[in-house]
Amino acid sequence: MTGFVARRILVAIPTILIIITVAFFMMRIAPGGPFDLERPMPAEIRTNIMAAYGMDQPLWKQYVDYMAGIVQFDLGPSLRFRDKTVADIIAEGFPVSATIGALSITLALIVGGFLGAIAALRQNTPADYGVVGLSTVGIVIPPFVMGPILALVVGLYLGWLPTGGLDPRYGMTPERLILPVITLALPQIAIISRLMRASMIEVIRSNYIRTARAKGLSSGAVLFRHALRSAILPLVSYLGPASAALLTGSIVIEQVFQLPGIGRQFVQAALQRDYTVVMGVVILYASLIIVLNLIADLLYAALNPKVKYD
Amino acid sequence: MVMTSTPSEKAALMEDSVIKGRSLWDDARVRLARNKAAVAGLTVLAVLTVIAFIGPLVWVHDPSFIFRDKVQLAPTFADLHIFGTDAQGRDLFARTMVGLRMSLMVGVVATAVSLVIGVIWGATAGFIGGRVDQIMMRVVDVLYSLPFIFFVIILMVVFGRNIILIFVAIGAVEWLTMARIVRGQTIALKNMEFVEAAQAAGVSRFSIIRRHIIPNVLGPVVVYVTLTIPVVILAESFLSFLGLGVQEPLTSLGNLIANGARDMEIAPWTLIFPAATMMLTLFCFNFIGDGLRDAIDPKDR
C-alpha cells in the first residue's frame, strides 16, 4: 500500500508542476497587469511598484523565484490587496468553501444513496420512476439556474430563508448555509442516486444475496450486512469526480449567494489580474482534487477485497 | 413435434430474402422512432432551433432596440412583449431567441472542435498502439486530473472575451473523453473477427475502413456528441454567468440568466423565461442522447 501511495504521489508532483507552469505563463502573457488602474499612475511609481513585486525581472527569473516560494509553501503577496498575502486570502475564504463543500457532499451521499437504494428495491414501481425522473431533472438543471430560482422562491416569495450573503457579525449561521448547500448538492444527489440504483439492482440479483436469503436471514440483515456493503462501492469511486464538481460548483454558488469563499475570490482575482491569488487558488484546487482522488481510491481499495495494489 | 410453417410465414420468409438487409443505421432509426422521449426531444429541439434561427429575423421587436418608456415591463400581449422587457427596456422574447441561437451555436461548434481533436487523437493512439499509444493516453490522463474550468477562466481573462476563443477553449477542454472512446473502439475493432475475415477475403484496406471501422466507431461517437452538446452549452453559460463569456451586444442564455438572477426581485420573468428555455433545451439533448445510446448500442438493452 505504501508503494501504491508513493507511486500516486510521484505522478501527482509532475501534474501539479505542469499546472503551476501553465497557469504562470498564461497569466503573464496577458495584456494588462494588476497595476493598470482606472487612473494611470506616474511612470516612476509604476517602476518602483513593479520592482517591489519583482516584476521588473526577466520572466524566467520570476518563474524560478515563484517556484522557490512554492516549495516553501509561500504563495507570495496579493498584488491587489496591499497588506494581504495569498495565504491570508485563502485562509479567509477556505473555511466558507470547505464547510459548504463538506456539507453538500455529505447531504448528497445520504440522500442520493437512500433514494437510489429505494428505487432499486422497488424497481419498476412509481417510487422507482419518481427517483429516476427526479434525477434527470437534477442532472439537467445547472446550479446557476437552480440557485437563483431557489433564492427567488424560498427566499423571496416564501420568505423562509435569507437569499444570500454572510453577515460578518454572525459568520456562517445554519439558515444562511441551507440554500447554498442544497443547490450545490442537488446535481450530486441526482448522479449518486443513479449510481446507487444501478449498483444496487446488480447486487440484489447476485448469487451471494440469493444464498443469504436462502439461509433464512431477515431481509434487513440481507440488505444492511450484505447488499449495502458492495452496493456503495461505485459511490466511493465517484467521490473523486464529485469533489472536482463541487469545487467547480462552488464558484457559481458563492457568486449566486454572495458568499465570501475561495471560488468568488478566484473570479474576482482573475478579473483584476491578481496573478498570485489566481495561481494560489489554482494550485490549491488542483492539489485538493489530486488528494481527494487519492483518498477515494484508497477508500475503495480498503472496502473492496477484490482490489489489490499492483 | 413437427415443424410446420403456415403459408403466411413462408411468404414472410420469402419476402425477407428479397428485402435488402437492414443496416445498423436503419435498425437504429426504427428503435429511435419507438422511443417516445427521444422523439419528443427531437421534435421540441427542432422547433426551438427554428425559432432561434428564424425567429429573430421575423419577430416584431429587435433584440437590441431599447424601449425607453418600457423598462422591466411584465409579460403582456399588448405590443407583443410576451416575455416582458429587461432592465434596459429590451424585448425579452427577442433576446431569448438570440441567446438561444448563441448557445446552440456554441454547443455545436465547440463540440465539433472537441470531436475533431478527440477523433484524431484517439484514432491515432488506437491504430499505432504500443509506446505511442501509451504516451498519448498518459497525456490524456494527466489532463483529466486538471481543474479545467479554471484554465478556461484564465484563458478568457488573458485573451479577452473573444467569441472564437470561447468555441476553441471549451472544445479543447471537452475532447478527452472523446479520445478515450475512439481509441477504445479502434483497438477493439482492429482485433475483431469480422475485420480479420474481411482481410482474409481480400477486401481492400480502404473498403475495410469504410465498411467496417467507420460505421462501428461512428455509433458511440454520435451518442457522445449528443451528450457533449448540452455539457458545452452549460460550460458556456457558466462562463457567461460569471461575466466571462459572451459579451454585449451579443448574448447567450447564460448571460440572460445572470442578468435575470440580478433583477429577479423586481422582474422575476427576466430569470424565469431564459432559465426555462435553457432547461427545455438541455432536456431535449439529454433525451435524444439517451435514446440514441439505446438505439445504436444493442448490447445495452
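Order of the sequence lines fixes the chain letters, A, B, ..., with proteins taken first and strands second; residue numbering starts at 1 for each chain.
When heavy atoms are compared at a cutoff of 4.5 Å, F238(B) approaches chain A by way of both its backbone and its side chain. For L271(B), the part lying near chain A is the side chain, with the backbone staying farther off; criterion is any non-hydrogen pair under 4.5 Å. With a threshold of 4.5 angstrom between heavy atoms, F283(B) approaches chain A through its backbone and through its side chain.
Between the side chain of S97(A) and the backbone N or O of I262(A), at least one donor-acceptor pair lies under 3.5 Å.
A donor-acceptor contact closer than 3.5 angstrom links the side chains of T136(A) and R194(A). Under 3.5 Å, the side chains of T111(B) and E174(B) contain no donor-acceptor pair of N or O atoms. A side-chain donor-acceptor contact under 3.5 Å links S252(B) and S240(B).
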